[in-house]
Structure formats: C-alpha cells, structure tokens
Amino acid sequence: MVRRSVQKIEAAGEESATQPGMQALTRGLRVLDFIAEASTPVRFMTLLDGTGFPKGTLHRLLQTLIDERYLILDEWNQTYRLGSRPFQLAHRAWDQFDLRGAALPELERLTSLANEATRLGRLDGNKVLYIDQRDPEQQVRISNGIGARSAIHATALGKAMAAHLSHSERYRLVMDGELEAFTDQTIVSNGDLDQQLNIIKARGYAVSIGEQFEDISAVAAPILDHRARPIGAIGVVGPSYRLSTERLHTLGREVIEAARRISGNVGELAMSISVAPKPLGAVQDNVSCAIPGEDFLGEGPFWSPETGKLHWVDILAPAVVTGDPATGERSTRPLPELVGVAIPKKSGGFVCATENGIKTISSNGQIETLAEPEKDHTGNRFNDGKCDAKGRLWVGSLAITTEPGKGMLWRVEPNGEAVKMDENFHVSNGLGWSPDNKTFYFTDSGCRTIWAYDFDLEEGTISNRRAFVEVAEGDGVPDGLCVDEDGYLWVAMWDGWCIRRYAPDGTLASSFPVPVPRPTSCAFGGEDMSTLYVTTARIRLSAQQLVEAPLSGCVLAIETNAKGLAGNIFAG
C-alpha cells in the first residue's frame, strides 16, 4: 500500500499553484493520503523518503495536521496515524449520502442483467422498507414494492442487512421475541436465524427461497458504509420457478458487486469477487476431476488410507463431506454452523473447527463441544487446521468480516485444553510441518505470506517466526497447503489458477495449472500417496466465469512424481 502511495505522489509531481497556501494544502493532503493507505502506522523517515518533501517542510505539515486532529503521533514508537477529524468528516459525508441516487444505475444494470425485478431497501425500525424498485419487461410483476415494509427475518434484503449489525442491534431488531411464520420455509428459530446470519456475513449475500411468499425467491447484498455498517441492501427478486437455488447463488456475486459500487467499495474488507483472467496454456493431462460436486467453499482435504476415501468440508454450505475417488461418489453431513476443517479422530468420528468452537462428531452423528478458545471474541470463526504428530489440533481463526488483526493460532489438546500460540493475523489459513517436525508452517492469506516457525514436537511450542514465502499481488493468494516427504510445500493459490510447489528454502520449484480460478487446499493420497487431491470453490463466481471454469466446486486430482506425508488424526 505504501509503495502505491509513493507512486501516486511521484506521478502527481510538484505542480505548483499560483494561489497562496495552495501548495501547502496540496502537500498536506498528500501526506494524509500516504498515511491513510499505509497498512501500518508510519514513521517520519518513511514519510520523508516517500513524499520527497524537505525535512523542515514535512515537520511543519505534520505538526499542523496534529494540531487540527487530522493526525496522531504515537509518542511510544514515534509513528503517525489518522486522527479523529477525518472520521468525523466521514460520518458527516455518510449522513448526507443519497442512497437512492447512488443506487439507480445499479438497479437498472441488475434488472437488465438478471431480467428480474431489483429492489433497494433500508431498515425502518424492525422492518425492511423498500425505497426503490425496477421491473423487467415481463408479464409477471412483483407486488409489495416501493413503500412496502417486510419482516427482516423472512427477506433476503433484511437478512443481508441484519447479518452486518452489531450483536446487540441484531438481537434487538430480529432476535428479541417470536419470529412470525409466513410460509413453511420461514425461519422461526432464533438460534437457526443467528447461525444463518453468520453464514450470510461470511458469504457476502443472503438468499430467501419462499420464506415470505411461497412462490417468490430473492438474493441480496448489504450496502455498507465506511464502518462496515449496513445503510441499505440491493437485491434481485422474482418467481421461484425462474430463480432456482443455483441461479440465486450465481447472482450472489452480481449483487455484491452492485452493493460495492453504490457505496464506493468502502465497506468491504477482504472479500474477493474479482477473478484473475485464465492464464494462457493448457492444463496438463495429469489433472482430472476426482469427485464431481458444486461446493461453495471446499476446504481441508484429509486422505484416509484405511478406507481409500477423502474427507473435507464445505465451509459455507456448511457440511462435512466424504468422497470416493474410485467411484466419484460423495456423501454429505450437514452442520448447523460454519465449519473450517474436519479431521478424523482416534476414537471415531471427527474433530471439527467451527464458527463457535472446536466440536466433535461421533460415529453416530452426535455433536459435542470440546473447546471454546474464542468464546469472548464475538465475530470470529475458526478456519483451517491440522494435527501434529502427537495428535494435537492446531487451528487458526479470523474475523467473519475478514477484518485484519483479529485472527489467532491455537493448539488444542485431546482433552480440550486450548493454548493460544500466536495472534494478530488477518486470514488464518494453511498449516503443515516439515518431515523432521522441526519447522511449522502457517499461512496468513490476508497478507499473502506463509510463515515458518521453529517447532518443538515434544513440548508443542513454536518460536522464531519468519516469512517463508511472500506472494506478490496479482499472483494469487496462498491458501491451504500440504508437505511432501522431501519437505516441499504444495500450496493452493486462490484466484491464481494453480498449485505452487515451494522448496524447503522457500524458492518456487514449480507450478501446476488447474482448470479453476479458486483452488483452496490440497492433500496427498492414493495407494502410493502420490496423488494430490485439490479442493476448490465456486463462491462469488459469475455465471460467465462458471462457464469458463465448470469444475469449480469439485475435487481435482493431480498425478505427481512426489510422495506426500500422511495426515495425522486427532488423538481424542
């Protein structure tokens, strides 16, 4: 981010202004831009190098900006960050924001794209108020339009906004009291609604299938302000016979994009909707579809050599999935909450990292809570995890909104004791160990970095964190990973159309193209442990992108010349 600010300043040059004070104003604004776009608070020397201003001039600018509350100087580490004044101005700007005017082009664009009615709404007390609507040129029109009010819990627009409310506001508006049933599909359980709202928050959009009217379905995304709070929602609504479940989810990306355009992209954090173009060059013959499917966000593959089957999760379905590469068949065990990983355990069943904690699923399907390490960290969920050679679970967390700095790394013992091992991560992701168990790898996808730690297997401790791989912007994002018997890391590159193989010294050894933009994780399996199974995602891919990458959501297989390490089961 800082590098881009420097380029912006250099490109702008030092065009002088003839009016008195204009040059100082321009320079002050450039300093504010530089600090605002930096990922961390900025030191004076960084500003000096980045702006190219004389030292005395920069000192005077900084002091003026501090005096006027545009900047704050942290005396302890001598860094500068934004003060309260920009945020006060931002609040005033949003108070004057013309939601209907900003949304008009997107309503018309979505109506033309989907050939269905599109709606704009905002919260009005404990209801959704429809403030604008565009209808397509069709005989079937959607009633209950502009000026109508509907229940939050039974509409896509309402659920999209409710998912992004604070917990206290969510309970006050939606969860406090009985939920009215409009159809057999209406959610009437407060607990079920709360869990669905968290899934919506992670997915970025909400769907409603016959929840208010039996024959009407909809998909909607929240319009967020600079604090990531909902100021409205935009969605597509129409007859259920035209808006199938598959089509609703395909349109999910389109409504997210529309919502972002309306708000100027200020409210979202790290939710990827743009996809890099498919690279030139054909996918090799050693890549195939092992287990067909349409996972929203497949993750955490684990090969079971005893059964010859693969286990993984669909985070956003959510479910634990078991597939047989020999037949292509799969079976699904739905779960009531977001799930990041499922690993077989010694006593049978699975240990799962879920939204609310570490859960176990017995062989007969009974779910029990093993640990709640982040019980006090509302808004976080657990993501990827693996077990070490002692059978302890290592698992990372992240904010459901992917807000930076909220993620943590935990070690969970078989008896449920949880120990925090590290913190301040953006998007906790892939984990693994070197063949000698002396190095632990942990991915922060948010900063495109795979970290390496010294690892003590007996004590279960880590130390000496350093960057093992840093991926350049535009090359994809490092996601899940596994390690082969030679100590090479195999890394799924989200939005990168490939699996990368890194040598033990961190250098890129090779890259394997795959026919999907969003591979998510990988694990070795097969009779000789040389087949790399790759989970994939179809979430937030447009209809055209799914045509280009129809295997998105299935499990791929890559026949390699390497031999992988078997996954460790949970000792509980």
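- When atom types are taken as modelled, the side chain of Asp388 and the backbone of Arg392 share a donor-acceptor pair closer than 3.5 angstrom.
- Between Asp486 and Lys563 there is no salt bridge, since none of the side-chain N atoms of the basic residue sits less than 4.0 Å from a carboxylate O of the acidic one.
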Step by step, work out the side-chain hydrogen bond (donor to acceptor under 3.5 Å, both in side chains) result for Thr535 and Thr520.
CA-CA 6 Å; Thr535 50; Thr520 58; 2.7 Å; yes
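- Under the 4.5 Å side-chain criterion, counting only non-hydrogen atoms from C-beta, Phe442 is not in contact with Asp384.
- Between the side chain of Thr332 and the backbone N or O of Pro334 there is no donor-acceptor pair closer than 3.5 Å.
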Candidate pair Ser445 and Asp479, rule side-chain hydrogen bond (donor to acceptor under 3.5 Å, both in side chains), full reasoning:
CA-CA 6 Å; Ser445 297; Asp479 202 327; 4.8 Å; no
Does the pair Tyr533 and Phe524 meet the rule for a ring pair (Phe, Tyr, Trp, His ring centres under 6.0 Å), with working shown?
CA-CA 6 Å; Tyr533 292 107; Phe524 278 97; 9.3 Å; no
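- For the residue pair Glu368 and Thr360, no side-chain donor N or O sits within less than 3.5 Å of a side-chain acceptor on the partner.
- Checking side-chain atoms of Thr443 against main-chain N and O of Gly430 turns up a donor-acceptor pair under 3.5 Å.
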Where do Ile499 and Ile558 land on the side-chain contact (heavy atoms from CB on, under 4.5 Å) test, with the steps shown first?
CA-CA 10 Å; Ile499 304 295; Ile558 302 177; 4.0 Å; yes
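- Few gaps surround CG on Asn415; more than 12 heavy atoms of other groups in view lie less than 6.0 Å from it.
- For the pair Thr560 (side chain) and Ser530 (backbone), a donor-acceptor distance under 3.5 Å is present.
- Asn198 and Arg170 share a side-chain donor-acceptor pair at under 3.5 Å.
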What do the steps show when you test Ile361 against Leu335 for side-chain contact (heavy atoms from CB on, under 4.5 Å), and what is the final call?
CA-CA 10 Å; Ile361 304 178; Leu335 293 179; 3.7 Å; yes
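- The backbone N or O of Ala114 lies less than 3.5 Å from a partner atom in the side chain of Arg247, making a donor-acceptor pair.
- Contact detail for Ala418 and Pro373: the closest heavy-atom pair is CB-CG, 3.6 Å.
- More than 12 heavy atoms of other residues, nucleotides or ligands shown are found within 6.0 angstrom of CZ on Arg465.
- Inspection of the Ser397 and Glu374 side chains reveals an N or O donor paired with an N or O acceptor under 3.5 Å.
- For the pair Glu257 and Arg260, the salt-bridge criterion is not met [side-chain N within less than 4.0 Å of a carboxylate O].
- No side-chain heavy atom of Glu294 sits less than 4.5 Å from a side-chain heavy atom of His249.
- The minimum heavy-atom distance linking Ile400 with Leu338 is given by the pair CD1-CD1, 4.4 Å.
- Sorted by first and then second residue, the salt bridge (charged side-chain N to carboxylate O under 4.0 Å, His left out) pairs involving residues 501-514 (not counting sequence neighbours) are Asp484-Arg501.
- Taking Trp497 as the reference, nothing meets the ring pair (Phe, Tyr, Trp, His ring centres under 6.0 Å) condition, with sequence neighbours excluded.
- Between the side chain of Gln545 and the main chain of Ser542, a donor-acceptor pair closer than 3.5 Å is present.
- In terms of the ring pair (Phe, Tyr, Trp, His ring centres under 6.0 Å) criterion, residue partners of His311 (sequence neighbours excluded) are, by chain and number, Phe350.
- Counted by atom type alone, Glu337 and Asn356 present one or more donor-acceptor pairs between their side chains at under 3.5 Å.
- The environment of Asp528 atom CG is dense: over 12 non-hydrogen atoms of other residues, nucleotides or ligands sit within 6.0 angstrom.
- Taking the charged nitrogens against the carboxylate oxygens, Arg411 and Glu417 have no contact shorter than 4.0 Å, which rules out a salt bridge.
- Residues satisfying the side chain to side chain contact (heavy atoms under 4.5 Å, CB included) test with Ala452, not counting sequence neighbours, are Thr439, Tyr441, Arg466, Phe468.
- Take Phe440 and apply the ring pair (Phe, Tyr, Trp, His ring centres under 6.0 Å) test, not counting sequence neighbours, and it matches Trp394, Trp433, Tyr453.
- At a threshold of 4.5 Å between non-hydrogen side-chain atoms, the residues Leu546 and Thr250 count as touching.
- The heavy-atom pair separating Gly487 from Pro504 by the smallest distance is O-CG, 3.5 Å.
- Checked for salt-bridge contact, Arg538 and Asp295 miss the test: no charged N lies under 4.0 Å from a carboxylate O.
- Counted within 6.0 Å of NZ on Lys309, heavy atoms from surrounding residues, nucleotides or ligands total 12 or fewer; the atom is thus considered open.
- Applying the salt bridge (charged side-chain N to carboxylate O under 4.0 Å, His left out) test to residues at least two apart or on different chains, the pairs with a partner in residues 423-452 are Lys420-Glu423.
- Scanning all heavy atoms of the two residues, the minimum distance from Ala221 to Ala160 falls at C-CB, 4.0 Å.
- When atom types are taken as modelled, the side chain of Asp314 and the backbone of Pro318 share no donor-acceptor pair closer than 3.5 angstrom.
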For a side-chain contact (heavy atoms from CB on, under 4.5 Å) check, start with the C-alpha distance between Ile315 and Phe296, then their side-chain angles and the critical distance, and finish with the verdict.
CA-CA 7 Å; Ile315 294 178; Phe296 286 119; over 6 Å; no
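- Formation of a donor-acceptor pair under 3.5 Å by the Ser263 side chain with backbone atoms of Ala259 is found in this model.
- Under the 3.5 Å distance criterion, the side-chain polar atoms of Thr536 are matched with a main-chain donor or acceptor of Cys554.
- Thr531 and Ala557 get closest at one heavy-atom pair: CG2-CB, 3.9 Å.
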Quick one, Leu398 with Asn380, criterion side-chain contact (heavy atoms from CB on, under 4.5 Å). Give me CA distance, side-chain angles, the key distance, then yes/no.
CA-CA 5 Å; Leu398 73 155; Asn380 269 19; over 6 Å; no
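- When side chains are defined from C-beta on, Arg229 does not count as touching His164, because their heavy atoms never get closer than 4.5 Å.
- In this structure a side-chain-to-backbone donor-acceptor pair under 3.5 Å is missing from Ser521 to Glu299.
- When all heavy atoms of Ile256 and Arg203 are compared, the closest pair comes out as CD1-O, 4.0 Å.
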